[in-house]
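Comments concern the structure below.
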Amino acid sequence: MEENTVKRTLNFIEQMVEKDLAEGRNNGRIQTRFPPEPNGYLHIGHAKAICLDFGIARNYGGICNLRFDDTNPAKEDVEYVDSIQEDIKWLGYEWANIYYASDYFQQLWDLAVKLIKDGKAYIDEQSAETIAKQKGTPTLPGTESPYRKRPVEENLALFEKMNSGEVEEGAMVLRAKIDMASPNMHFRDPIMYRVIKSYPHHRTGYAWKAYPMYDYAHGQSDYFEGVTHSLCTLEFEVHRPLYDWFIDQFADSDYRPYQTEFNRLNITYTVMSKRKMLQLVEEGIVRGWDDPRMPTICGLRRRGYTPAAIHNFIDKIGYTKYEGIIDVSLLEHAVREDLNANADRASAVLNPIKLILTNYPEGQVEMMEAVNNPEKENCGSHEIPFTKELYIEADDFMEEAPKKYFRLTIGQEVRLKNAYIIKCTGCKKDENGNVTEVYAEYDPQTKSGMPESNRKVKGTIHWVSVEHSLPAEVRLYDRLFLAENLNEEKDRDFRELLNPNSLVINTKARVEPWLKDATHLHNFQFQRIGYFNVDPDSTPDKLVFNRTVSLKDSWAKEVRN
RNA sequence: UGUCCCAUGGUGUAACGGUAGCACUACAGUUUUUGGUACUGUCUGUCUAGGUUCGAAUCCUGGUGGGACAACCA
């Protein structure tokens with residue numbers, strides 16, 4: 001055997017970390033953080049950031065903390081705090097510590113006071129519109145606020161009032177005094193604090209009325225915690241100079257955090273915007289954040305995706321400095337790769353038609369052995385009852401078959417998976433010409449394992465016993481979105497692009513009795529149909545299966561032939 | 001008439017001055033108790049024009065193209 005040393009090339013962030021380690025930056029310490037705002041559920045895009053933040057810490061002997069960036073009570077909720085923790089754990093990561101930006105409100109306040117005393121921040125009483133107007137545009141410099149030269153003592157007094165409740169929302173803000181003519185818009189006296197009184201903070205209630213803004217709070221939070229590598233997505237690139245500016249104002253040691261940006265995940269046919277996902281949930285277009293059509297972690301989980309599959313996917317896509325759009329087929333491939341290796345095989349007939357073996361003894365039941373997973377060693381097997389009357393897929397029989405049809409047709413032989421070779425003798429039709437029953441004769445010498453069973457037949461089909469099989473509901477999920485790239489559809493209502501067939505519920509399905517005992521974390525491959533898991537709402541009396549992903553191309557090819 | 005970031009097959013990435021490689025997709029073929037899986041093969045790429053160099057995807061310059069920035073969001 002050859003040595004199994006698949007050396008993955010390091011991404012640019014890993015290279016940077018190794019360089020920092022070699023040069024002893026920040027005393028060779030590695031510390032990252034995953035900093036979600038608790039204003040929605042985590043989705044597959046967050047998984048990319050999570051794998052990076054936690055992965056870097058894990059691989060380089062550092063630590064990664066979970067920090068909730070909860071500086072805007074108007075949008076945040078404990079529901080999200082809980083789900084975020086659950087999803088990170090499900091992905092297989094543990095944070096060293098759990099922090100909240102709201103834990104730093106006092107420290108941030110004190111530093112803001114220091115900045116005011118240094119003459120580097122002032123209270124502006126203009127309206128939001130006026131301030132926006134004075135900011136200028138990316139190509140035109142801004143103009144200075146008339147309040148910019150307000151005396152320090154007055155600034156301090158007003159800052160206190162901002163937090164005491166005496167000041168109405170929108171009446172005043174604290175701004176850093178930097179440069180209204182800077183080519184970087186973020187340097188044009190950025191807002192550090194605003195007043196929010198009408199929403200309680202999910203942790204501090206109404207204790208604070210003045211809340212810090214992201215640009216001020218984020219870098220300082222990193223600094224307070226000792227973060228060495230502050231990894232975020234590309235859209236924060238232009239914020240980095242400001243991040244550094246704030247650090248420069250307060251850093252009092254050799255240590256400092258550094259921000260590095262990487263590309264956000266985009267997937268074809270998939271919406272990754274929290275705002276749009278919230279809309280889908282609130283308007284009842286989906287059944288909730290964990291609807292299996294959602295790209296949320298919990299939606300993917302409910303659909304039967306495994307953590308291994310998601311890691312598999314993240315490993316394939318890479319981290320770069322430019323935006324791209326990943327083909328959803330890469331995600332589906334990553335899932336199939338894991339499921340093919342680990343999911344048990346089971347028999348289910350989605351669209352049943354009766355097959356009667358005319359020469360099989362009435363009332364006889366044979367237990368046929370089915371290997372749980374032919375791709376996996378020592379995974380065991382189970383038995384499926386075989387009888388005279390079976391259900392097969394309606395699609396698996398054709399009275400007049402085209403040349404490349406490999407399944408059941410009159411006069412031809414086919415194998416019943418795990419059982420006998422049969423020869424089709426005829427069928428019965430109703431007054432409309434629809435086939436209602438198919439007849440065949442079985443060859444007793446061809447049971448799986450018998451010497452005669454090696455005979456070549458053109459196809460193999462799956463089946464379940466009429467008497468023993470169980471009714472089940474099968475939910476076939478498809479892509480929710482049709483647009484190739486929703487970013488290009490900004491001005492259009494994205495709901496127009498929803499795929500109306502994204503969920504097809506099939507209640508005719510019949511499954512083998514073994515599946516009654518299936519736990520809902522279990523994944524199955526239904527023969528030639530796809531990978532399924534048991535829906536959490538499933539009960540022993542009502543079996544419900546969700547399709548994780550279909551088998552590669554099988555139906556499409558069939559249609560072509 | 002700005003600042004910052006970026007540009008490798010259809011898609012996603014690697015090559016760190018020395019043979020443009022990998023994966024996905026698509027299309028063929030082999031194996032197969034499902035047309036799945038596995039394996040093999042084929043197609044397709046360094047945005048452009050200069051420069052430096054024995055040698056450039058890589059370094060430099062100019063174009064072109066894309067993205068981010070004008071929330072009291074993060």
Side-chain angles (χ1 to χ4, degrees), chain A residues 8-12 15 35-37 39 69-72 74-76 101 124 127-128 131-133 135-142 169-175 182-188 191-196 211 213-215 217-218 232-241 261 263 268 274-275 315-334 336-337 340-341 345 370-371 374-375 396 404-407 414-419 421 446 448-449 453-454 456-462 487 525 527-530 551-555 557-558 561:
Chain A
R8 191 173 64 83
T9 51
L10 299 178
N11 64 48
F12 77 98
Q15 290 180 27
E37 182 187 17
N39 67 344
D69 246 343
D70 54 351
T71 57
N72 183 2
K75 288 186 175 179
E76 297 153 7
D124 198 330
S127 69
I131 290 176
K133 207 167 275 178
K135 273 219 163 139
T137 69
T139 51
L140 288 172
E169 288 187 18
M172 54 181 76
V173 292
L174 180 71
R175 295 208 293 147
S182 170
N184 184 336
M185 295 292 290
H186 297 282
F187 270 40
R188 323 246 259 231
I191 292 169
M192 293 174 65
Y193 273 85
R194 80 293 210 184
V195 176
I196 299 173
Y211 287 93
M213 300 283 290
Y214 166 86
D215 278 313
H218 196 91
C232 61
T233 47
L234 243 27
E235 66 266 30
F236 292 103
E237 232 161 10
V238 280
H239 293 246
R240 192 184 342 128
E261 310 84 14
N263 61 333
T268 54
K274 268 189 199 172
R275 207 199 90 251
D315 282 346
K316 288 171 193 288
I317 60 179
Y319 297 86
T320 67
K321 278 292 198 185
Y322 53 91
E323 293 286 356
I325 183 158
I326 309 271
D327 198 303
V328 71
S329 63
L330 188 61
L331 173 62
E332 296 183 341
H333 169 262
R336 284 195 208 98
E337 199 170 53
N340 176 54
R345 271 49 168 177
V371 175
E375 307 290 325
D396 283 352
K404 289 209 100 181
Y405 189 74
F406 298 165
R407 288 162 280 156
V414 88
R415 168 169 297 282
L416 295 176
K417 177 79 178 172
N418 300 314
I421 291 174
T446 57
S448 292
S453 73
N454 288 331
K456 295 282 178 206
V457 289
K458 60 177 181 175
T460 304
I461 63 173
H462 54 275
N487 295 332
Q525 182 192 115
Q527 311 282 1
R528 220 185 63 239
I529 297 167
L551 296 182
K552 191 174 161 188
D553 223 21
S554 69
W555 294 116
K557 264 192 176 155
E558 197 168 313
N561 297 329

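Letters A, B, ... are given to chains in the order of the sequence lines, protein chains preceding strands, and every chain is numbered from 1.
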[atom1] atom, [N] versus [M]: distance in rounded Å?
N	M	atom1	result
B/A49	B/A56	C1'	15 Å
B/G45	B/A20	P	14 Å
B/U8	B/U48	C1'	15 Å

First of A/Glu76 and A/Lys458 reached from the 5' end of RNA chain B, by closest nucleotide =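 Going by which nucleotide is closer to the 5' end, it is A/Lys458.
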
Counting any heavy atom closer than 4.0 Å, what does A/Tyr211 reach on the DNA or RNA strands: base, sugar-phosphate only, or nothing?
->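 Touches nothing.
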
At under 4.0 Å between heavy atoms, what does A/His218 touch on the DNA or RNA strands: base, sugar-phosphate, or nothing?
->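 Contact class for A/His218: none.
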
Dot-bracket for RNA chain B, please, read 5' to 3', with Watson-Crick or G-U wobble pairs under 3.5 Å on both distances, ( ) within the strand, [ ] crossing, | other strand, . unpaired.
-> .((((((..((((....[..)))).(((((.......)))))....(((((..]....))))))))))).....

Distance-only donor-acceptor test (3.5 Å): side chain [X], base [N]:
X	N	answer
A/Gln15	B/C16	yes
A/Ser329	B/U25	no
A/Glu375	B/G36	yes
A/Arg407	B/G35	yes

Please confirm whether the backbone N or O of [Y] pairs with a side-chain atom of [X], one donor and one acceptor, at under 3.5 Å?
X	Y	result
A/Tyr405	A/Asp396	yes
A/Thr460	A/Arg415	no
A/Arg528	A/Leu551	no

Residues that A/Thr320 engages under side chain to side chain contact (heavy atoms under 4.5 Å, CB included), provided they are two or more places apart |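 Here the qualifying residues are A/Asn263, A/Tyr322.
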
Set of side chain to side chain contact (heavy atoms under 4.5 Å, CB included) partners for A/Met213, sequence neighbours left out |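 In terms of side chain to side chain contact (heavy atoms under 4.5 Å, CB included), with neighbours along the sequence ignored, A/Met213 is linked to A/Ile191, A/Arg194.
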
From CZ (A/Arg336) to CG (A/Leu331), nearest 0.5 Å |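 A/Arg336 CZ to A/Leu331 CG: 9.5 Å, rounded to 0.5 Å.
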
In whole angstroms, how far is the C1' atom of B/G67 from the CG atom of A/Asn263?
->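 Result: 12 Å.
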
Rounded off to whole Å, could you give me the CG-to-P distance for the A/Leu234 and B/C5 pair?
->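 Those two atoms, CG and P, are 11 Å apart.
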
Return yes if a side-chain donor-acceptor contact under 3.5 Å exists between A/Ser182 and A/Asn184, otherwise no.
->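 Per modelled atom types, A/Ser182 and A/Asn184 side chains form no pair under 3.5 Å.
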
